[in-house]
Number of protein chains: 2
Amino acid sequence: MQSFDAHELLKNADFFSGISDRSIRSLAAIGIPKRVEKRKLIFMEGDEGHSLYILAQGGVQLYKSAADGREIVIKTVKSGEIFGEVVLFEENKYPVSAVSLEKSLLLRLPKQQIDCLLISDSFRRDFIGMLMRKQRYLADRILYLAGHDVEERFFYFLEEQYGRKEEYRIPMSKKDIAAAIGTIPETFSRLLLRLKQEQKLRWEGENLYLAEDFWKGFETQ
Amino acid sequence: MQSFDAHELLKNADFFSGISDRSIRSLAAIGIPKRVEKRKLIFMEGDEGHSLYILAQGGVQLYKSAADGREIVIKTVKSGEIFGEVVLFEENKYPVSAVSLEKSLLLRLPKQQIDCLLISDSFRRDFIGMLMRKQRYLADRILYLAGHDVEERFFYFLEEQYGRKEEYRIPMSKKDIAAAIGTIPETFSRLLLRLKQEQKLRWEGENLYLAEDFWKGFETQ
DNA sequence: CATTCCCCTTGACCCAGATCAAGGGAAATT
DNA sequence: AATTTCCCTTGATCTGGGTCAAGGGGAATG
């Protein structure tokens with residue numbers, strides 16, 4: 001993992017597409033870099049916290065624990081996205097747990113600093129906009145989980161995380177992908193077997209190759 | 001439906017518990033009352049909109065349509081809650097559809113007015129806090145739907161909508177409750193049959209009576 | 001008053017996907 | 001190098017809850 005330019009990084013992140021350059025510069029200036037190893041707990045559901053995080057490089061998964069111990073993935077965080085921001089107001093406990101899926105680089109932004117930035121009119125707009133985009137995302141995720149089968153959810157996952165391509169480098173374990181799409185490793189494994197038999201994909205190590213017509217007939221509304 | 005005092009109403013709404021009296025007064029002042037009949041579409045997914053709504057009296061359900069036409073409920077709005085606010089920033093299309101479940105009274109707040117209020121430091125804090133509470137709610141809902149069976153979801157529904165009681169007046173149709181807990185009327189009907197046979201509840205018209213020990217052993221974490 | 005319509009219920013059936021179990025292989029630990 | 005551990009896969013089996021179908025009853029409409 002190389003050193004990084006926080007400003008450059010944030011500027012290129014999808015998640016900040018709606019955020020002005022000035023706002024980004026401010027964020028980059030106050031971020032405290034933090035490196036974490038693979039499969040490390042960044043914070044736990046219920047922990048008190050006073051910082052939000054931006055994922056600079058790597059991957060992070062947010063989940064909640066069900067009563068029986070199963071872990072339900074709420075969101076798979078992509079590089080450039082923000083997480084843990086819910087802690088900043090009122091209730092100061094994280095509503096989800098966060099683990100790194102791979103060796104990752106985070107930018108930590110303490111609550112106090114965010115509060116200062118929120119004085120800025122443009123930053124405030126950007127920040128609220130970002131919260132609303134996240135709300136849209138969560139509503140979409142409910143629709144995905146409740147209204148689509150495992151195969152469709154896998155397609156959505158690929159598209160959402162990496163876009164529509166024919167070649168992917170996927171650093172996540174299959175177990176984690178299974179959790180991300182709301183199923184168990186066995187079922188996901190069987191899905192891959194079937195898609196392979198149907199000549200729709202090949203999976204070699206971390207590399208996934210899709211058939212040319214893989215995305216045909218798959219509509220995102 | 002009687003006339004109403006917008007300020008009084010908002011003040012007593014759970015959803016605004018974290019919002020200062022001054023903020024509430026501002027909201028009440030600019031709200032435009034709107035009455036809707038039962039089962040009326042308030043707005044549709046994809047519609048352009050420039051207002052958010054507060055549900056003053058009655059009930060509203062927010063849903064998204066799956067590709068096959070099924071409607072997946074994202075949230076059942078309680079009286080006192082806000083909805084449609086996501087339209088206010090960036091993308092100005094509603095991400096969900098909203099229908100009234102009963103004769104209802106809404107307070108409409110145009111975008112422009114909200115923008116004015118956001119200049120106020122305290123209102124801004126309150127507003128962001130409200131967005132974050134909603135985000136928490138959606139994360140919880142994902143956990144409910146993905147990690148609990150229909151029976152548990154029904155318990156959560158009761159608790160969330162009306163609190164833990166032994167007697168309820170429930171103005172919603174069973175069909176709508178089924179949708180709210182993420183199932184179909186047949187399954188919900190069978191669940192009620194079983195709970196009745198197990199002497200856990202009686203349902204008479206709009207009135208639901210639970211056994212004394214109904215809530216025993218039901219943990220909300 | 002008849003008819004349509006919708007809500008609700010109950011029965012019969014089915015299926016996607018979870019559970020349980022077993023094993024093979026790669027990587028990490030001693 | 002041996003052992004433990006974890007990931008992944010595949011098989012066999014089970015089941016919650018969805019689908020399809022068929023009424024019955026109440027409200028609304030002609």
Side-chain angles (χ1 to χ4, degrees), chain A residues 37-40 59 61 66-73 99-103 144-157 170-198 201-208, chain B residues 37-40 59 61 66-73 99-103 144-157 170-198 201-208:
Chain A
E37 291 304 305
K38 185 173 174 174
R39 202 151 294 277
K40 285 282 170 275
Q61 214 160 48
D68 61 6
R70 272 179 310 143
E71 293 173 352
I72 307 295
V73 172
V99 278
S100 55
L101 296 174
E102 29 174 335
K103 198 171 177 180
Y144 288 175
L145 291 174
H148 299 275
D149 63 22
V150 171
E151 179 171 344
E152 287 172 313
R153 290 186 329 240
F154 176 51
F155 296 171
Y156 279 119
F157 171 84
I170 300 184
M172 291 172 66
S173 74
K174 302 198 175 165
K175 196 187 163 194
D176 288 328
I177 298 175
I181 63 179
T183 188
I184 57 176
E186 292 96 319
T187 298
F188 183 54
S189 185
R190 278 184 259 266
L191 169 66
L192 288 179
L193 180 66
R194 209 195 69 228
L195 291 174
K196 194 172 155 189
Q197 282 167 351
E198 292 171 357
L201 58 75
R202 267 176 314 128
W203 197 302
E204 294 164 6
E206 287 196 343
N207 296 99
L208 172 64
Chain B
E37 291 304 306
K38 185 174 173 173
R39 203 152 293 278
K40 285 283 170 276
Q61 214 161 48
D68 61 5
R70 272 180 310 146
E71 293 172 351
I72 308 296
V73 172
V99 278
S100 55
L101 296 174
E102 28 173 336
K103 198 170 178 182
Y144 289 175
L145 291 175
H148 299 274
D149 62 23
V150 171
E151 179 171 344
E152 288 172 313
R153 292 189 325 242
F154 176 51
F155 296 172
Y156 279 119
F157 170 84
I170 300 184
M172 291 172 66
S173 75
K174 301 198 176 165
K175 197 186 163 194
D176 288 328
I177 297 174
I181 63 179
T183 188
I184 57 175
E186 291 96 319
T187 297
F188 183 54
S189 184
R190 278 185 258 266
L191 169 66
L192 288 179
L193 181 65
R194 210 195 68 229
L195 291 174
K196 195 172 155 189
Q197 282 167 350
E198 293 171 356
L201 58 74
R202 266 176 314 129
W203 197 304
E204 293 163 7
E206 286 195 344
N207 295 98
L208 172 63

Mind checking whether B:W203 and B:F154 have parallel, tilted or perpendicular rings, split at 30° and 60°?
-> parallel

Is any side-chain nitrogen or oxygen of A:T187 closer than 4.0 Å to OP1 or OP2 of C:dA18?
-> yes

B:I170 CD1 to C:dC8 P, in whole Å, measures 12 Å

Step by step, would you call B:I170 with B:I177 a side-chain contact (heavy atoms from CB on, under 4.5 Å)?
-> CA-CA 10 Å; B:I170 300 184; B:I177 297 174; 3.9 Å; yes

The nucleotide from D:dT19, C:dA18, C:dC7 with an atom nearest the side chain of B:K175 is C:dC7

Return the value, rounded to whole Å, for the distance between atom NZ of A:K196 and atom P of D:dT9.
-> 8 Å

Using 30° and 60° as the class limits, which term best fits the ring planes of A:H148 and A:Y144: parallel, tilted or perpendicular?
-> perpendicular

Could you state the interatomic distance from OG (B:S189) to NZ (B:K175), rounded to the nearest 0.5 Å?
-> 14.0 Å

When rounded to whole Å, the CZ to C1' distance for the pair B:R39 and D:dA28 reads 16 Å

How many Å lie between CZ on B:F188 and P on D:dG17, as a whole number?
-> 13 Å

side-chain contact (heavy atoms from CB on, under 4.5 Å) assessment of A:R39 paired with A:L101 | CA-CA 5 Å; A:R39 202 151 294 277; A:L101 296 174; 4.2 Å; yes

Which listed nucleotide (C:dC8, D:dG17, D:dG18) is nearest to the side chain of B:V150?
-> D:dG17

Heavy-atom side-chain proximity of B:Q61 to B:E71 below 4.5 angstrom = no

Assign B:L193 to base, sugar-phosphate, or nothing according to its heavy-atom contacts below 4.0 angstrom with the strands shown.
-> sugar-phosphate

According to a strict under-4.0 Å criterion, is B:K174 in side-chain N/O contact with OP1 or OP2 of C:dC8?
-> no

Taking atom P of D:dT9 as reference, at what distance in whole Å does atom CZ of A:R194 sit?
-> 15 Å

Starting at atom CD1 of B:I184, determine the distance to atom P of C:dC15, rounded to an integer number of angstrom.
-> 15 Å

Under 3.5 Å, N/O pairs linking protein and nucleotides 20-22 of chain C:
unit_1 : atom_1 : unit_2 : atom_2 : d
C:dC20 : N4     : A:E186 : OE2    : 3.3

Contact summary for A:E206 and A:P171, nearest pair of heavy atoms = OE2-CA, 3.8 Å

Write down the distance between NE2 (B:H148) and P (D:dG17), rounded to a whole number of angstrom.
-> 13 Å

For B:E206 and C:dC7, give me the distance from atom CD to atom P, rounded to whole Å.
-> 15 Å

